[in-house]
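Report on the structure given below.
Here is how names work: the chains are called A, B, and so on, in the same order as the sequence lines, proteins then strands, and each is numbered from 1. Every value quoted in this text rests on a predicted model; they were computed, and no experiment measured them.
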Amino acid sequence: MTRAFFRRPVVEVARDLVGCVVRHGGTAGVIVETEAYHDSESACHAHAGLTPRTATLFGAPGHAYVYRSYGIHAMLNAVTEPEGVGSAVLIRALEPLAGLEAMRQRRGLERLEDLCSGPGRLTQALGIGLDLNGSDLLDGPIRFEPRAPDFDGRVQATAPRVGITKAVELPWRFTAEGNRFVSRPRPAAGALA
DNA sequence: CATGGGATTGACT
DNA sequence: GTCAATCCCATGC
């Protein structure tokens, strides 16, 4: 994974991150679901402009944007595009890969499908908190690793993003087709990226 | 300074 | 299906 990988258009990065690995501490998972956010559309936090909250989004690519949602859940994003552009890829679901016992302890659940299948769930499972906002994804506590060469899953591109009220029409949700760790609602079978 | 809403989840009817 | 929990922080008076 390189800085140049993240400096590209956010939609391309969101598509290409499916199949890549996220590692934090002893835990890791394969990304099976992402969403793209860009300051040019109103569903993105950066749409309001540069504020203390969104500073990370406008910063250098390849860094983590972590924020709290609904007062409870931490959300993990990867900042993309050149510095000055507010954009990021939300990581929505992982397929558990390593540190399963730590994940089960943090989540208080046993079922594999319940550990990381949701944006708030995966941050809890990996132990990712708000203190990691702004940290480097290439050389920091959270590491993004390239897609495994044998990743054979196809990437599905047509699903609308989840839980937003604005710019709902943009098909910027990407999932590993047919993967059982994708969060709900499951996208219908559709076009491939 | 007060207020309101949000890239969600899980418990309960 | 419905609904409350709970905390930043942007916005507006």
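- You'll find that the side chain of A:Pro52 is closest to C:dA10, out of C:dA10, B:dA7, B:dT9.
- Checked for salt-bridge contact, A:Asp136 and A:Arg3 meet the test: a charged N lies under 4.0 Å from a carboxylate O.
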Identify the pairs formed between an N or O of the protein and an N or O of nucleotides 1-5 of chain C at a distance under 3.5 Å, and give each distance.
none

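- Between the side chains of A:Ser117 and A:Ser183, no donor N or O sits under 3.5 Å from an acceptor N or O.
- Distance CG (A:Leu122) to P (B:dG10): 12 Å, rounded to an integer number of Å.
- Judged purely by distance below 3.5 Å, without hydrogens or angles, the side chains of A:His47 and A:Tyr37 never pair a donor atom with an acceptor atom.
- Under 4.0 Å is where a charged nitrogen must lie from a carboxylate oxygen, and between A:Glu81 and A:Arg7 no such pair does.
- Which of B:dT9, B:dA7, B:dT8 sits closest to the side chain of A:Arg121 comes down to B:dT9.
- Although no hydrogens or angles enter the test, the distance criterion places no donor-acceptor pair under 3.5 Å between the side chain of A:Arg68 and the main chain of A:Leu130.
- When the nucleotides B:dT9, B:dA7, C:dC9 are ranked by their closest atom to the side chain of A:Arg53, C:dC9 comes out on top.
- When both pairing distances are held under 3.5 Å, C:dT11 makes a Watson-Crick or G-U pair with B:dA2.
- Whole-Å rounding puts the A:Tyr37 OH to B:dG6 P distance at 13 Å.
- Using a 4.0 Å cut-off between charged nitrogen and carboxylate oxygen, A:Glu35 and A:Arg161 do not count as a salt-bridge pair.
- The side chain of A:His45 sits closest to B:dA7 out of B:dA7, B:dG10, C:dA10.
- The phosphate of C:dA10 has OP1 or OP2 within less than 4.0 Å of a side-chain N or O from A:Thr51.
- Closest to the side chain of A:Met75, from the set B:dA7, B:dT9, C:dT11, is B:dA7.
- One finds no side-chain N or O of A:Arg68 lying less than 4.0 angstrom from the OP1 or OP2 phosphate oxygen of C:dC7.
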